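Quantities reported herein were computed from a predicted structural model and do not represent experimental measurements. Below, read A as the first sequence line, B as the second, and so on, with proteins coming before strands; counting in each chain starts at 1.
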Amino acid sequence: MTAKALEIPPLPYTGEKARLTRAYDYLILVLALFLFIGAFHLHVALTVGDWDFWVDWKDRQWWPLVTPLMMITFPAAVQSLLWSNFRLPMGATLCISCLLIGSWIARIFAYHLWNYFPINEVLPATMLPSALVLDVILMLSNSLTVTSIFGGIAFALLFYPSNWPIFGMFHVPVEYGASQLTIADLFGFQYIRAGTPEYLRLIERGTLRTYGQYATPLSAFCSALLCTLMYPLWWYIGKAFATTRFVKNI
Amino acid sequence: MMKTMKALLGVLLLILCGLTFAPNTALAHGEKALEPFIRMRTIQWYDVMWSKDTLNVNDEVVITGKFHVAEDWPRAVPKPDATYLNVSSPGPVFVRTERYLNGQASVSSAALKLGGDYDFKIVLKARLPGRYHLHPFFNLHDAGAVMGPGHWFEVAGEPAAFTNQVKTLDGNAIDMETYGLANGIGWHVFWFALGTAWLLWWVRRPLFIPRYKMLQSGQGKWLITSLDRKIAMGILFGVPLFVLGANAMTDRQYPNAIPLQAGMDQIEPLPLAVNDGMVKVKVQRTEYHVPARSMTIIAQIQNTSDQSIRIGEFATANVRFLNPGVSSSGTDDADTVIAPQGLSLDSADPIRAGETRTVRVTALDALWATQRLDGLIRDADSRMGGLLFLYDTNGKRHIASISTAVIPKFD
């Protein structure tokens, strides 16, 4: 009898209690929205930077290596907080959505309206498919280890194919200045930017030529391996820096 | 006390309004920021000209010029193995449609050779109306930007009139201003909608306090329902399958897509234009008189040509000191970095054919200070470089690239 009684779900809050806790939810959500838009966007601008800013930086080697590795950080930390304390499997999607809101605001206002770059030259990459999969792997496994390994791998491996439908068309070749260029390269040549000339692009450097022309899968798997390590590191950073001591007192 | 506070607040408000509504436009491009020895002894610009300075949107302006790569390249600056001839402007108010180095079309970086002579041509197409200050400049890998001379341009017309059509190797004509924009926004909106739906799926139910208390009291299993799990399974398999499908479709749509290009252009220097051997200049001593703001160069000049020559100009870091007694080519009086009376000699007599003479050349102007070149005496590398322009009786020009240690004189 006792065991059966425990199977009844607890009753939801009602009345003033429900109204107050809901108000608290919205308060935290709005604060989190602005916090993650600002903090995560700053983090990505400083670590991924040009790879996310410019269409002619989105190469097949460094872009799929750097971007997932730097973008799994905040999602891991926020997942640690939201899953461990609230069983909310939305940390990664929340962070990446906030990042995209910040990125689009910056691209429209800072890059397009202030500095006149066409928006198609500064389209941000998306990691929302990766974030959704990372969230559901955590939810279904309820395991840091499983999420680190399979979530980290999926987060990195899904990045390039998620973005190829957006950026593939910028890799169509054109003949320009007696050379073959991609349309993306042509953006870099035509739309003058003083601070990041062609030679500063960190593209296609390294020894992946050994493997023929398959640089992207190699970079993606390298990123996947690193993401499996980066994920638990930032999970514990999130755990260390987040506290629920105020909630405990309520 | 309250009155004082109100007055203070009023003043602060006025300052804020002033800063907000009357900002000064930033016109500089950091042309004086680089250390003087780098500006003087790396890329030595000359004969930079502009085809026009008033134009409409879609009109083209051609910037041409020459530069010498100094032989006495500073030890502290990496050799110019990767350089990029660029244009400094307040954003892409012009688009660069063509660029040539030594007559060769060039879109990428190139290595420069020390002592090499180069000419360049850049074609810019006006994109946005306004008044802009543009410089050609060189990005030197690991060293910074070495600015060339600047010039003002007035662009009239409507921004919407700008067009930038390009033909791809597939034969399609594309508009660079809008290419891929709708597709990119469409994908972002799609994924954002899916992400938002997932967030709302969770946000619609009571969140933090009730869930935390349930979890702490051992009732966590009620927080994830079987429907949640089914949706999660759908995402786990559906999203990757959709992503891979869209990726494959894109591959089929653009079968000729290529990676970003990372090659360098190979540009050979021109036949010698500077230090051509007809006039040899050997600097013996150089002093900079700080109070007078004058540079005195004592140099031995050997004229091996068959004509008498006279010194007409000394140019360094885009500052031109002209000898008023000699007519120089390419004088632009509107340019603010010219000292038209700035160069004087100890003797006005020309150096005859075959003669070797020691001359005392003085370049005197406040430009040494205003262009922040006098900081040289406090640099880690107190050497100066520049181009000495000499003209023979037929108006033929000989150019010598000189380099010398500088001794400051403080009295």
Side-chain angles (χ1 to χ4, degrees), chain A residues 9-10 12-13 21-22 24-25 28 56 59-60 85-88 90 93-94 97 100 115-120 123 126 128-129 132-133 136 139-140 158 161-162 164-166 168-179 181-182 184-185 189-192 194 197-199 203-204 247 250, chain B residues 82 84 86-89 91-96 105-109 128 139 141 166 168-170 177 179-181 183-184 187-188 191-192 195 198-199 202 206-212 214-215 219-220 222-224 232 235-236 239-240 243-244 246-247 250 254 256-262:
Chain A
Y13 288 179
T21 55
R22 198 62 182 148
Y24 181 79
D25 288 345
I28 295 295
D56 63 325
D59 67 317
R60 58 181 184 169
N85 296 298
F86 310 105
R87 284 292 181 268
L88 281 171
M90 59 177 202
T93 308
L94 177 65
S97 299
L100 283 172
N115 286 294
Y116 318 124
F117 288 99
I119 296 179
N120 50 355
L123 281 173
T126 184
L128 270 172
L132 282 163
V133 170
V136 299
M139 178 189 140
L140 293 170
L158 282 173
S162 304
W164 188 240
I166 300 175
M169 62 195 301
F170 291 95
H171 288 249
V172 171
V174 292
E175 183 185 344
Y176 209 84
S179 299
L181 298 178
T182 65
D185 292 315
F189 177 75
Q190 286 196 329
Y191 292 82
I192 299 163
E198 196 276 338
Y199 75 81
I203 61 167
E204 297 288 335
V247 181
I250 294 173
Chain B
Y84 190 77
N86 211 335
V87 175
S88 183
S89 71
V93 292
F94 287 79
V95 292
R96 175 171 36 215
S106 169
V107 291
S108 299
S109 301
L128 291 172
N139 289 106
H141 198 194
V166 169
T168 68
L169 283 179
D170 298 342
E177 293 284 305
Y179 181 75
L181 182 60
N183 176 67
W187 278 105
H188 272 282
W191 286 117
F192 199 76
W198 177 248
L199 293 177
W202 295 98
L207 291 176
F208 301 111
I209 296 173
R211 293 180 77 90
Y212 179 76
M214 282 176 70
L215 198 59
Q219 296 174 308
W222 300 107
L223 296 174
I224 305 291
I235 290 173
L236 183 62
V239 166
V243 163
L244 294 176
N247 180 67
T250 309
Y254 304 104
N256 297 321
I258 57 168
L260 297 181
Q261 298 299 289

Among the listed options A:Val172, A:Leu94, A:Asn120, the residue most often paired with chain B at heavy-atom distances under 4.5 Å: A:Asn120

Pick from B:Gln219, B:Arg96, B:Met214, B:Arg211 with the largest number of heavy-atom pairs that fall under 4.5 Å of chain A: B:Arg96

Any A:Tyr13 side-chain heavy atom under 4.5 Å of A:Arg22 side chain: no

Segment of B:Leu128 engaging chain A (4.5 angstrom heavy-atom cut-off): side chain

A:Leu158 vs B:Pro240 side-chain heavy atoms within contact, under 4.5 Å: yes

Residue pair A:Phe189 / A:Tyr176: nearest heavy atoms and the distance that separates them: CE2-CE2, 3.7 Å

Contact origin within B:Ser106 toward chain A - heavy atom pairs under 4.5 Å: backbone

Atom group of A:Ser179 that falls short of 4.5 Å from chain B, counting heavy atoms: side chain

Between A:Asp25, A:Thr93, A:Leu140, the one whose heavy-atom pairs under 4.5 Å with chain B are most numerous: A:Asp25

Part of A:Leu181 within contact of chain B (heavy atom distance under 4.5 Å): both

Which atoms of B:Glu177 approach chain A - backbone, side chain, both or neither, heavy atom under 4.5 Å: both

Contact check, side chains of B:Leu169 and B:Asn256, non-hydrogen atoms, under 4.5 Å: no

Parallel, tilted or perpendicular: ring planes of B:Trp202 versus B:Trp198, cut at 30 and 60 degrees: perpendicular

Shortest non-hydrogen separation from B:Pro92 to A:Asn115 and the atoms involved: CD-O, 2.9 Å

pair A:Leu123-A:Ile166: side-chain heavy atoms closer than 4.5 Å: yes

Within-4.5 Å side-chain heavy-atom neighbours: B:Phe94 and B:Ser89: no

Portion of B:Tyr254 that has a non-hydrogen atom of chain A nearer than 4.5 angstrom: side chain

Closest-packed option against chain A by number of heavy-atom pairs under 4.5 Å, given B:Gly91, B:Ala105, B:Ala232: B:Ala232

Ring centroid separation A:Phe170 to B:Tyr179 under 6.0 Å: yes

Per-residue contact mode, B:Ile224 against chain A (heavy atom under 4.5 angstrom): side chain

Greatest number of heavy atom pairs closer than 4.5 Å to chain B - which of A:Glu175, A:Met90, A:Arg87, A:Gln190: A:Gln190

Partner chain B: residue of A:Ile28, A:Leu128, A:Asp185, A:Leu100 with the largest heavy-atom pair count (under 4.5 Å): A:Asp185

Choice from A:Ala184, A:Ala178, A:Pro165 maximising heavy atom contacts with chain B below 4.5 Å: A:Pro165

Within-4.5 Å side-chain heavy-atom neighbours: A:Thr126 and A:Pro129: yes

Contact leader toward chain A among B:Leu223, B:Asp170, B:Leu181, where contacts are heavy-atom pairs under 4.5 Å: B:Leu181

Contact class of B:Leu215 relative to chain A, heavy atoms under 4.5 angstrom: side chain

Residue, of B:Thr250, B:Val166, B:Leu236, that accumulates the most heavy atom pairs under 4.5 Å with chain A: B:Thr250

Minimum-distance pair of heavy atoms, taken over all atoms of A:Thr182 and B:Gln261: N-CG, 4.4 Å

Aromatic ring pairing B:Phe208/A:Phe86, orientation class (parallel under 30°, perpendicular over 60°, tilted between): perpendicular

Option in B:Ile258, B:Val243, B:Thr168 with maximal non-hydrogen atom pairs under 4.5 Å from chain A: B:Ile258

Among B:Val87, B:Asn247, B:Val93, residue most engaged with chain A (heavy-atom pairs, under 4.5 Å): B:Asn247

